[in-house]
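Just so you know, ligand 1 is whichever comes first in the structure, and atom 1 is the first atom listed for that ligand.
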Amino acid sequence: MPDHRTDLALVPRPDSVVTLPGRFVLDRHTGLRAGPGAEDAADLLRELLAPATGLPLAPRPDGRLTLRLDPAADDGDEGYRLTVTTDGVLLGAARPEGLLRGVQTLRQLLPPEALGEPARRRTDWPLPCVRITDRPRFAWRGAMLDVARHFQTVSYVRRFVDLLALHKLNVLHLHLTDDQGWRLPVAAYPRLTAVGGRREESAGNGTPHEGAYDRDELTALVTHAARRGVTIVPEIEMPGHARAALAAYPHLGNRPGTPLAPWTRWGVCENVLGVHDEVLDFCRTVLDEVGEIFPGPYVHLGGDECPSVEWQRSAAARARAATEGLPGPAALHRWFMRAVSTHLLSLGRRPLGWTETGTDLPTPFTVMAWLDPEHGRAAALRGHDVIMTPFRSTYLDHPQSADPAEPCGQDGVVTLRDVYENDPTPAHWEPEAVRRVLGTQAQLWTEYAPTPDRLEYQAFPRLCALADTAWSGHRDWHDFRRRLDRHQTRLDAHGVRGRSPHPERNASCEPRSDVRPLPSPSH
Ligand code: ACM
């Protein structure tokens with residue numbers, strides 16, 4: 001018997017779907033009624049549907065499409081109830097975020113053209129009658145976009161946010177700085193973007209590239225995302241992965257007399273921030289500015305892959321370690337992370353960082369476990385909140401298949417199924433570890449993905465699998481594949497240039513010849 005959820009092919013899969021007979025048709029006469037507190041979701045729905053459908057969805061007190069906030073309802077923070085009958089549509093939620101998730105379900109219930117370019121030949125937009133109750137498994141459902149290695153324009157990032165929202169992903173983690181580029185404007189340090197925002201080439205391709213955001217663009221991006229229920233988590237990498245900053249301001253490093261350029265390679269770079277007072281002042285100034293631009297609770301401080309070679313060689317760093325009573329320069333990493341996180345906490349923000357071991361960051365610190373999933377468990381048992389980001393199942397810069405025609409990426413294949421079957425809280429974990437897991441997210445490192453087309457090819461359809469895993473507690477690969485086949489028509493309508501889950505349809509996907517594979521980074 002076909003599963004009714006499969007028939008509607010919603011991605012991510014809702015908690016409960018009961019199909020009812022009949023349909024309700026939206027047309028140019030359909031009014032939209034928004035109860036108190038539901039106005040923003042109603043405005044968004046109108047704005048999302050208008051370009052493709054031409055539907056005015058005029059505000060009307062007797063409208064048959066109703067959005068209603070029910071603060072006393074048992075929907076949780078992002079749950080919603082959506083009922084479509086032959087008489088009309090009622091979307092209800094306890095909180096505005098729930099309405100925003102329900103709006104995305106409503107879009108997916110419409111014919112796929114509703115997600116596309118203007119398709120006004122159609123005047124009737126049918127919705128199948130259905131009763132859906134839904135809520136997410138995890139509160140943190142994200143995607144990290146590395147705009148440091150290859151800059152992406154704000155208009156592209158807005159589109160990326162729209163694609164996250166369509167899949168009920170609620171966090172865009174923006175990786176703004178790295179060895180290879182610095183994209184964040186900081187008024188007190190203009191060379192960060194002027195010098196650190198340009199690199200001479202990547203992976204030996206001989207082509208310079210550059211880019212940086214301005215503050216107004218980022219502020220508008222935050223608003224665009226917030227309207228869709230997506231929070232932006234900015235990442236400023238420290239104390240490692242900071243060579244672009246050192247290129248701009250060599251005195252922040254450990255070898256001020258040695259000029260550096262933003263790195264043209266991928267991997268782990270020895271050049272890291274110094275540990276003198278001026279560096280901490282720099283970090284505090286940058287974080288103050290980050291706090292002004294990004295209102296969300298979390299700021300990501302990086303913290304990964306920080307070799308201590310330069311600190312071992314530096315008399316100043318060794319002296320700092322001695323003054324702080326540390327066993328040696330390697331311990332400066334933890335000391336550094338504590339110092340910057342203390343500042344962040346004083347700004348009322350929560351520090352977040354990558355962990356390589358599960359034991360390397362001070363508390364309080366929310367951690368992303370990117371190597372072995374067991375590091376997430378270890379961190380949770382030490383009292384950290386954890387976001388599961390293991391590279392074997394969430395790093396979308398790895399190729400999606402072993403096909404030699406696949407565009408190159410990091411060593412090792414991460415298939416659609418690898419992403420789908422990743423359980424952020426493995427069955428053998430202790431309940432106290434499971435309780436600490438906020439959720440999971442996908443990683444899009446961009447050394448090998450310089451353009452929006454390449455990014456979308458890497459992201460889709462694997463991001464759909466991640467969204468399903470993060471939202472739904474139900475895991476059934478075959479059901480997912482069936483839904484994805486239908487969902488593909490929505491992605492196509494949206495103009496998403498992803499990899500087809502049917503390999504024969506990828507024949508026209510050109511491998512990039514100007515980016516050569518490099519040895520794997522540390523993982
Ligand atoms: C990482 O991949 N170095 C977080």
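The part of Y395 lying near ligand 1 is the side chain, judged by heavy-atom distances below 4.0 Å.
Between F460 and H494, the distance separating the two ring centers is not shorter than 6.0 angstrom.
The ring-ring contact (aromatic ring centres under 6.0 Å, His included) with H173 is formed by just one residue from the set W140, W370, W354; it is W354.
If you number the atoms of ligand 1 from 1 as listed, the ones under 4.0 Å from a heavy atom of D304 come out as 1 (C), 3 (N), 4 (C).
Note: no N/O pair closer than 3.5 Å links W370 and ligand 1 by distance alone.
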(Q) Between H478 and R481, does the side-chain hydrogen bond (donor to acceptor under 3.5 Å, both in side chains) criterion hold? Intermediate values first, please. (A) CA-CA 5 Å; H478 297 291; R481 279 304 300 262; over 6 Å; no
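With a 6.0 Å cutoff to the six-membered ring centre and a 45° limit on the axis angle, R350 counts as a cation-pi contact of Y298.
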